[in-house]
Amino acid sequence: MITITFPDNSIKQFEDIPTGMDVAKSISEGFARNCVAMKINDQFQDLSRPIQSDAAIEFLTVNDDNALEVLRHSAAHVMAEAVLNLYPEAKLTIGPVVEDGFYYDIDMPPISEDDLSKIEAEIQKIIKAKNTFERKVVSKDEALEIFRDNPFKCELINELSDQDISLYRNGAFIDLCRGPHIPHTGMIKGIKLMKISGAYWRADPSREQLQRLYGTAFFDKKKLNQYLHLIEEAKKRDHRKLGTRLDLYSFHDEAPGMAFFHAKGMDMWNALLDYWRQTHRAAGYVETKTPVILNRKLWEKSGHWDNYRENMYTCIIDDEEYAIKPMNCPGGMILFKTRSYSYRDLPLRAGEVGLVHRHELSGALSGLFRVRSFHQDDAHIFMTPDQIESEVLGVLRLSEQIYQKFGLTFHLELSTRPEKSIGTDAQWEQATAGLEKALKTYGQDYIINEGDGAFYGPKIDIHIKDALGRTWQCGTVQLDMALPERFDLTYKGQDNDKHRPIMIHRVIYGSMERFFGILVEHFAGKFPLWLAPVQAVVLPITQDLADHADSVKKDLEAAGIRCEVDHRNETLKKKIREAQINYVPLILTIGEKEKETGTLSVRTLDGKVKMGLSMADFTTPVQRHIKERILDDIVL
RNA sequence: GCCCAUGUAGCUCAGUCGGUAGAGCGCUUCCUUGGUAAGGAAGAGGUUCACCAGUUCGAUUCUGGUCAUGGGCUCCA
């Protein structure tokens, strides 16, 4: 008699030893069809496994995130089988599940993207066959015998302990695998091979070069199509392409990894920065600025020379060695030490939009997302230990306020003390407790990354989510117990003694450049009015209205609206179309009627046209919309 | 940094099995003076095909190197 306990604590008893599938079917046939795997006493297993003794069971159904991993792992097997059918000489290595799908590294001659469809066709055959996955446990010797032709698998097997070597067979295909797997290949309803790339065995360049085949899989075709659509959508929004088309920024061989911002890009940049300054001043920040090139001695003192040297640009000036700053904090330390502080002066919130340079690997560069030169919307907060909670809370609330303006939601992650760290247990406890208290007061759920903090203190990372559902770590709040020590920062306490301040490093945009790129993709180039590089375009219908168009432009600029005139000798239709595809929020057409009556006709991006507006009728709501930085489209 | 691919007009790209280059968009001019998502015509534009060598009578095309861009290189059966 086997007793099975379900998650709701209900109990079912079985005369004979049941498999997971038997238990699922005892609930209902329909439920069993949607089951992918099970968790027995907190361990993932195949449904085909017999349950030998009393156990707590939890089923993974097709709607479960973990189930998707199981499916993709099985899909990797199916892909591997297909490759072996087509390329019998190929040697399989490893095939794990990754964030958006799976891959398999295979030792085989290079193939091209064109070959993928051939492999996909083979995969479909295997799926149609609805082959079951069968698990078999073997000894190490048996395993080595089975895979004797495959040195990679043998290498893996030799690293395993004798006990847990399991094989999975589906059809004629056998692979070394921990499992679990889906019941049969027919459950893979949507599968697509994405790309091929090179990879090294064990990520070691001195070892064999393998072909890595990427794919993704879903339980239904619709989900797959949604995913493919998302990728298409992301491609269309690629900030590198949009930046060129909208004339915002560019990259050049003369400065790899460093963006050139064009006039329109700078208009947006300044709009972002104006907003930043306004919110920060209101939140009690002052703004500071420190030099870009600083003497080596400073970097030795801060610890960067020892820990960050390979990413720093250096130069020699008057026989002295200097480094271009990769971070703003050491300069901020010098700034702090220019005067003395009383406890009454704290917290001191010193912002700095600092230009930093980091020598990233050339292969890692990517548009505005990964650059070598960027601006951090940095701030250093110096405070007493009992101010940790309120200051961190303040940063979280300020972040929320700022992200909200862009329609970005976010989640929080707390990283705690790593193995290698400085400071005393008491300091870490106080710091971490301060962060946790702030998070609790803030009230939003957060993820804990145990041991993921910096060596000098715990931190909270803020991950924003864009319009396509992609997440980006932008904001971070890091407690630092090291730098105040290294630089011997002090303030005078109520007790007339010297005390060590605690310091926060924090950014909200993170890298201005990267955040800019994220916004371009988030909005797909269709920016809210307050951010739009060109807020209004004036279109004279005929060329003799050019002068009047210019005077309208002047008036609009005087009202603080970024404006252009399209003077080309083209039809109105054409000018409108181009303004529309460049997402200019306000399109003003100027004809005889407007000139005579001194009115404006305004077309918004929704295609609606409002005629006969006076200049004030137009500028008043537009100015308000810009000033309040309203996310939604303006309605006139 | 490493692997693979790519680098041709401002943009997107075609082409030359080695004989000094083309399209569309954009730009200029002209015709049209047009009222809400692409009117028509002509023309200019490449220090000659990222850069540097080599092979060759001759290289943008072949070879080697350099630089840049893109994808991947962390997610361990």
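Order of the sequence lines fixes the chain letters, A, B, ..., with proteins taken first and strands second; residue numbering starts at 1 for each chain. All heavy atoms count here, side chains included; hydrogens, waters and symmetry mates do not. Computed from a predicted model, the values in this text were never measured in an experiment.
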What does [X] touch in the nucleic acid at a heavy-atom separation under 4.0 angstrom: a base, only the sugar-phosphate, or nothing?
{"X": "A/Arg245", "answer": "nothing"}
{"X": "A/Phe251", "answer": "nothing"}
{"X": "A/Leu361", "answer": "base"}
{"X": "A/Pro256", "answer": "sugar-phosphate"}
{"X": "A/Ala364", "answer": "base"}

Strictly under 3.5 Å: I want the nitrogen or oxygen pairs between protein and nucleotides 46-53 of chain B, one per line.
none

Open item on the list: A/Thr416: which residues meet the side-chain hydrogen bond (donor to acceptor under 3.5 Å, both in side chains) condition with it, sequence neighbours left out?
Closed with: A/Glu450

- [ ] Step through it carefully: locate the ring centre of A/Tyr308, locate the ring centre of A/Trp299, and say whether they are under 6.0 Å apart.
- [x] no

- [ ] For this output row, return yes or no: ring centroids of A/His262 and A/Tyr249 closer than 6.0 angstrom.
- [x]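 When the ring centroids of A/His262 and A/Tyr249 are compared, they turn out to be at least 6.0 Å apart.
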
- [ ] Figure out the NE2/P separation between A/His262 and B/C11, and round it to whole Å.
- [x] 10 Å

TODO: Rounded to the nearest angstrom, tell me the gap between atom CZ in A/Arg178 and atom C1' in B/C75.
DONE: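 Taking atom C1' of B/C75 as the reference, CZ of A/Arg178 is at 12 Å.
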
Open item on the list: Applying the Watson-Crick and G-U wobble criteria at under 3.5 Å, what pairs with B/G45? Answer none if nothing qualifies.
Closed with: none

Open item on the list: If the cut-off is 4.0 Å, is A/Arg212 near the phosphate of B/C73, judged by side-chain N/O to OP1 or OP2?
Closed with: yes

Task: Sequence-aligned protein contact record of nucleotides 32-40 of chain B, with B where the base is within under 4.0 Å of a protein heavy atom and S where only the sugar-phosphate is - done: BBBBBBBB-

